[in-house]
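Below, read A as the first sequence line, B as the second, and so on, with proteins coming before strands; counting in each chain starts at 1.
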4 protein chains.
Amino acid sequence: MLCKRWSRRKEARPQEILEAALALFVQKGYAATRIEDIAREAGVTRGTPYLYFANKEEIFKAVIRELLLPEIEEASAQLANFQGNAAGLLRELVQLWWKTMGETSLSALPKLMIAEGGNFPEVLDVYEREFIHPGQSLFRRVLEMGIASGEFRPVNVEQTIDVLAAPIVMAMLSRSGNVPCGNLAADPQAYLDSFIDVALGGLLARPGEVACTAPE
Amino acid sequence: MLCKRWSRRKEARPQEILEAALALFVQKGYAATRIEDIAREAGVTRGTPYLYFANKEEIFKAVIRELLLPEIEEASAQLANFQGNAAGLLRELVQLWWKTMGETSLSALPKLMIAEGGNFPEVLDVYEREFIHPGQSLFRRVLEMGIASGEFRPVNVEQTIDVLAAPIVMAMLSRSGNVPCGNLAADPQAYLDSFIDVALGGLLARPGEVACTAPE
Amino acid sequence: MLCKRWSRRKEARPQEILEAALALFVQKGYAATRIEDIAREAGVTRGTPYLYFANKEEIFKAVIRELLLPEIEEASAQLANFQGNAAGLLRELVQLWWKTMGETSLSALPKLMIAEGGNFPEVLDVYEREFIHPGQSLFRRVLEMGIASGEFRPVNVEQTIDVLAAPIVMAMLSRSGNVPCGNLAADPQAYLDSFIDVALGGLLARPGEVACTAPE
Amino acid sequence: MLCKRWSRRKEARPQEILEAALALFVQKGYAATRIEDIAREAGVTRGTPYLYFANKEEIFKAVIRELLLPEIEEASAQLANFQGNAAGLLRELVQLWWKTMGETSLSALPKLMIAEGGNFPEVLDVYEREFIHPGQSLFRRVLEMGIASGEFRPVNVEQTIDVLAAPIVMAMLSRSGNVPCGNLAADPQAYLDSFIDVALGGLLARPGEVACTAPE
DNA sequence: CATGAATGAGCATTCATTCAT
DNA sequence: TATGAATGAATGCTCATTCAT
């Protein structure tokens with residue numbers, strides 16, 4: 001007010017408001033977050049968010065649409081073109097996922113959807129279409145490739161996709177503030193390593209194993 | 001409604017109110033649930049919840065304390081005395097967990113804590129103490145037993161605990177209404193089978209494997 | 001409840017309820033007094049007052065009508081037949097007033113009327129008709145008698161009535177709980193003595209005084 | 001209402017709300033006064049009082065602190081420097097008291113304290129410290145001065161203070177709406193004249209009086 | 001563009017009152 | 001008669017939203 005706090009361009013405003021909103025929605029939940037909280041966090045006053053967004057619900061939707069969807073797309077693009085054998089792919093997929101979705105603001109998404117999804121069905125649809133399904137496709141691709149090449153055991157692909165996704169989602173949740181997830185939050189990387197270790201152990205076919213299980 | 005005001009026993013009322021509250025808190029979240037919603041769901045009117053609980057926050061805490069904690073304890077008691085070899089134990093642990101915590105109202109707990117934990121720190125403490133830690137202990141016990149007997153590979157126990165917990169928590173979340181968890185919700189049992197399949201595959205030591213990795 | 005608390009006759013009930021109500025109305029005010037407070041104070045439960053009184057307002061009116069009006073009448077009867085010279089009458093009037101109205105539950109009346117009168121106009125009318133006017137009549141009688149006999153100076157009777165009433169009302173107020181009235185509450189009797197001392201000093205005509213004012 | 005939302009200055013609002021609150025608290029009592037009443041009386045809507053005061057109780061305290069205490073201080077300052085002989089001082093004290101405390105909004109104070117004091121003990125303390133005690137000091141000063149100079153009879157000073165205060169408090173009460181105080185309300189000035197007449201008559205020592213009473 | 005005073009609908013909570021037992 | 005669980009209107013308070021500046 002006195003000094004020029006808003007020397008940054010006006011174009012930055014909506015973005016700043018959405019970032020403030022994201023942080024608070026994740027921290028306190030949608031209903032418990034007041035517009036004034038968002039405004040203060042964004043360094044503006046009560047009326048300003050309404051210059052850019054029609055109402056609170058639109059702010060929530062815009063957080064998803066304007067902040068998180070673009071990040072999803074960016075992350076998806078990076079995830080699209082990894083290569084190598086199935087085990088390597090899986091390893092790389094998990095690591096890249098973490099780098100692009102776990103260590104960015106995208107990690108807020110699961111908590112947001114778990115907590116608020118029920119009150120925003122359309123947003124839930126978007127989430128499923130833009131995040132869940134693409135994510136499943138990535139794992140499906142790796143699993144099918146590995147099974148086809150004989151590198152992986154012939155597991156139930158659709159169920160296994162979600163088994164593999166669970167620890168990653170958990171790791172994302174662990175970054176969303178006061179979400180209790182055991183002690184994985186302390187060292188997500190070690191957690192992911194253990195996850196890959198167990199998962200690959202569980203997936204890889206081994207020479208002797210064919211004789212071990214099939215004959216039974 | 002007009003005729004039988006006393007049809008249900010007074011002693012049943014608090015329980016009914018808490019059950020209504022649990023359902024709505026899970027469905028819509030704490031803040032978005034109005035006392036009147038809870039009352040209507042419980043078949044009473046606005047004032048009645050206040051005959052038994054001081055205010056909305058106390059209703060939330062009572063849901064945890066009166067409804068869920070006793071179920072946790074009951075489930076823990078059942079989980080305490082399973083037996084057999086490590087693989088069997090793990091299988092049994094997961095199945096029993098699901099039966100006692102997944103298919104009961106306890107499945108609401110993770111969603112509740114993820115969504116509302118940040119606003120109820122004391123409740124979060126209780127959750128960690130009464131649910132997270134005992135659950136981790138169960139897995140720790142199985143893992144240490146299996147590793148000690150040579151049945152399991154020597155994995156990082158603490159991290160693996162949380163890896164194994166993730167799919168189960170996910171399965172619990174899948175039962176909490178509009179929580180998006182891929183397609184595991186359709187057939188949790190099949191999901192858990194795949195999970196055990198992959199997990200055991202990843203944990204079991206195999207004869208040839210020692211030669212396979214160690215000598216390298 | 002367990003033992004027979006209500007061994008006292010049922011006829012005592014309404015009276016007990018009114019006494020409880022009077023105490024609480026004086027202590028906390030009409031609006032801040034809950035029916036349940038009254039019931040508990042009277043040793044009954046929520047519903048019982050409604051067996052005897054239609055609603056809270058009727059309880060208030062009954063407190064005035066059933067408890068205080070009879071006491072007023074009794075006191076008036078005693079005050080009616082005092083005798084002697086004017087000075088003695090005044091002295092006796094004040095003393096008797098205090099004994100019958102100050103040291104009984106009647107002392108509650110001024111506080112009740114000051115605090116609640118505005119919300120109960122009919123009660124205020126009763127108060128004026130049954131308490132204020134008779135009281136003024138008593139003082140008027142003494143003053144007129146004293147002036148007529150030359151014992152008192154010729155003061156403005158109507159105004160002086162209220163001047164003389166003020167300290168007595170004050171003394172009554174001092175007995176109604178947390179009413180701040182200086183330090184008169186500590187020893188009302190001494191206060192009344194000082195009052196009579198000053199008042200008589202101010203009223204009595206004296207030999208030399210006639211010459212002092214009349215000739216002018 | 002529709003057109004000029006900002007016609008009155010923001011700084012005036014709290015004051016206006018407090019004045020409305022004072023009027024209503026005196027008229028109907030604290031509990032019976034709804035925030036909406038206050039708001040309407042102040043020409044604003046339900047939410048506005050909460051922009052300036054945390055809750056209803058704070059409005060009550062602010063009425064005392066912000067409206068009445070400053071007036072007390074102002075009045076005290078005026079009362080502090082009267083002069084003359086004791087009889088003149090007393091006369092002047094009463095008149096000035098009336099002008100500064102009876103004919104201003106301060107006249108509300110006694111009714112407020114009598115009616116609500118019991119529910120606001122801290123406010124009662126303030127009242128006693130800031131109003132009662134200073135007022136007693138003024139009378140004490142005059143009485144002691146008069147007695148010391150031989151102008152007044154040697155009365156019990158502490159009790160007489162409260163005797164002299166009673167009619168003034170009564171006169172203040174008579175201005176607080178439906179408070180029943182006899183017919184003094186019609187002409188407070190005449191009432192105060194009669195009061196001074198009687199009081200001075202009762203206090204002044206007279207030449208012949210020493211002989212008149214002592215020898216008996 | 002931005003502000004923040006004001007609005008008023010919405011919800012938590014209280015409590016006088018009812019009525020089945 | 002007496003009880004006390006239940007009711008629901010009333011009211012304190014919050015906060016999304018508006019709009020004059």
Side-chain angles (χ1 to χ4, degrees), chain A residues 1 5-6 9-11 13 31-39 43-59, chain B residues 1-11 13-14 31-39 43-57 59, chain C residues 1 5-6 9-10 13 31-39 43-59, chain D residues 1-11 13 31-39 43-57 59:
Chain A
M1 187 184 287
R5 157 126 104 277
W6 41 277
R9 272 74 40 228
K10 307 105 192 286
E11 305 97 52
R13 273 289 143 72
T33 297
R34 295 175 323 173
I35 293 286
E36 192 176 3
D37 296 334
I38 297 172
V44 296
T45 53
R46 299 255 272 281
T48 306
Y50 290 93
L51 296 176
Y52 302 102
F53 307 99
N55 52 41
K56 195 181 174 184
E57 183 167 346
E58 289 305 319
I59 292 179
Chain B
M1 188 181 285
L2 287 174
C3 50
K4 45 179 171 173
R5 278 215 287 177
W6 305 83
S7 57
R8 293 140 184 242
R9 228 58 42 240
K10 171 204 165 189
E11 306 92 52
R13 274 286 140 72
T33 297
R34 297 171 343 190
I35 292 287
E36 192 174 3
D37 297 334
I38 296 173
V44 296
T45 52
R46 296 241 286 286
T48 305
Y50 292 94
L51 297 178
Y52 302 101
F53 307 99
N55 52 44
K56 195 180 173 184
E57 182 167 345
I59 292 179
Chain C
M1 187 183 287
R5 158 125 106 275
W6 42 278
R9 272 73 41 228
K10 305 106 194 285
R13 272 288 141 72
T33 296
R34 297 174 322 172
I35 293 286
E36 191 176 4
D37 296 334
I38 296 172
V44 295
T45 52
R46 301 253 275 279
T48 305
Y50 289 92
L51 296 177
Y52 303 102
F53 307 99
N55 53 42
K56 194 180 175 184
E57 182 167 346
E58 289 305 317
I59 292 178
Chain D
M1 186 183 287
L2 286 175
C3 50
K4 43 178 171 175
R5 278 214 289 176
W6 306 82
S7 55
R8 295 139 183 243
R9 225 61 39 242
K10 171 204 166 188
E11 306 93 50
R13 274 286 139 73
T33 297
R34 296 173 344 192
I35 293 287
E36 192 174 5
D37 297 335
I38 297 173
V44 296
T45 53
R46 297 239 287 286
T48 304
Y50 291 96
L51 296 179
Y52 302 102
F53 307 99
N55 53 42
K56 194 180 173 184
E57 183 167 344
I59 292 179

- Grab the CD1-P distance between B/Ile38 and E/dT13 for me, whole Å please. 10 Å

- Message: Run the side-chain contact (heavy atoms from CB on, under 4.5 Å) test against A/Ala39 and tell me which residues pass, sequence neighbours left out.
- Response: A/Val44, A/Pro49

- Message: A/Glu58: which residues meet the side chain to side chain donor-acceptor pair (under 3.5 Å) condition with it, sequence neighbours left out?
- Response: none

- When the nearest nucleotide of DNA chain E is assigned to A/Gly47 and to D/Thr45 on a heavy-atom basis, which residue is associated with the more 5' position? A/Gly47

Between N or O atoms, less than 3.5 Å apart, protein on one side and nucleotides 10-13 of chain F on the other: list the pairs.
{"residue": "F/dA10", "atom": "N6", "partner": "B/Arg46", "partner atom": "NH2", "Å": "2.7"}
{"residue": "F/dT11", "atom": "OP2", "partner": "D/Arg34", "partner atom": "NH1", "Å": "3.0"}
{"residue": "F/dG12", "atom": "OP1", "partner": "D/Lys56", "partner atom": "NZ", "Å": "3.3"}
{"residue": "F/dG12", "atom": "OP2", "partner": "D/Ile35", "partner atom": "N", "Å": "3.1"}
{"residue": "F/dC13", "atom": "OP2", "partner": "D/Tyr50", "partner atom": "OH", "Å": "2.7"}
{"residue": "F/dC13", "atom": "OP2", "partner": "D/Lys56", "partner atom": "N", "Å": "3.0"}
{"residue": "F/dC13", "atom": "O5'", "partner": "D/Tyr50", "partner atom": "OH", "Å": "3.4"}
{"residue": "F/dC13", "atom": "N4", "partner": "D/Arg46", "partner atom": "NE", "Å": "3.3"}

- Applying side chain to side chain donor-acceptor pair (under 3.5 Å), name anything that partners A/Asp37, two or more places apart in sequence or on another chain. A/Lys28, A/Arg34

- With the side chain defined as heavy atoms from C-beta on, B/Leu51 is closest, among F/dT1, F/dA6, E/dA6, to F/dA6

- Query: Taking all atoms of both residues into account, what is the closest heavy-atom pair of B/Tyr52 and B/Pro14, and its distance?
  - Reply: CD2-CG, 3.6 Å

- Query: Looking only at heavy atoms, what is the nearest atom pair of D/Ala31 and C/Ala32, with distance?
  - Reply: CB-N, 4.4 Å

- Query: Partners of C/Glu36 by salt bridge (charged side-chain N to carboxylate O under 4.0 Å, His left out), sequence neighbours excluded?
  - Reply: C/Arg40, C/Arg46

- According to the Watson-Crick and G-U wobble definition with distances under 3.5 Å, which dot-bracket string, read 5' to 3', encodes DNA chain F, using [ ] for crossing pairs and | for pairs with another strand? .||||||||||||||||||||

- Taken in chain and number order and not counting sequence neighbours, the residues that satisfy side-chain contact (heavy atoms from CB on, under 4.5 Å) with B/Tyr50 are B/Ile35

- Counting only side-chain N and O atoms of C/Tyr52, is one of them less than 4.0 Å from OP1 or OP2 of F/dT1? no

- Query: Where the side chain of B/Thr48 is concerned, which of F/dT7, F/dT3, E/dA6 is the nearest nucleotide?
  - Reply: F/dT7

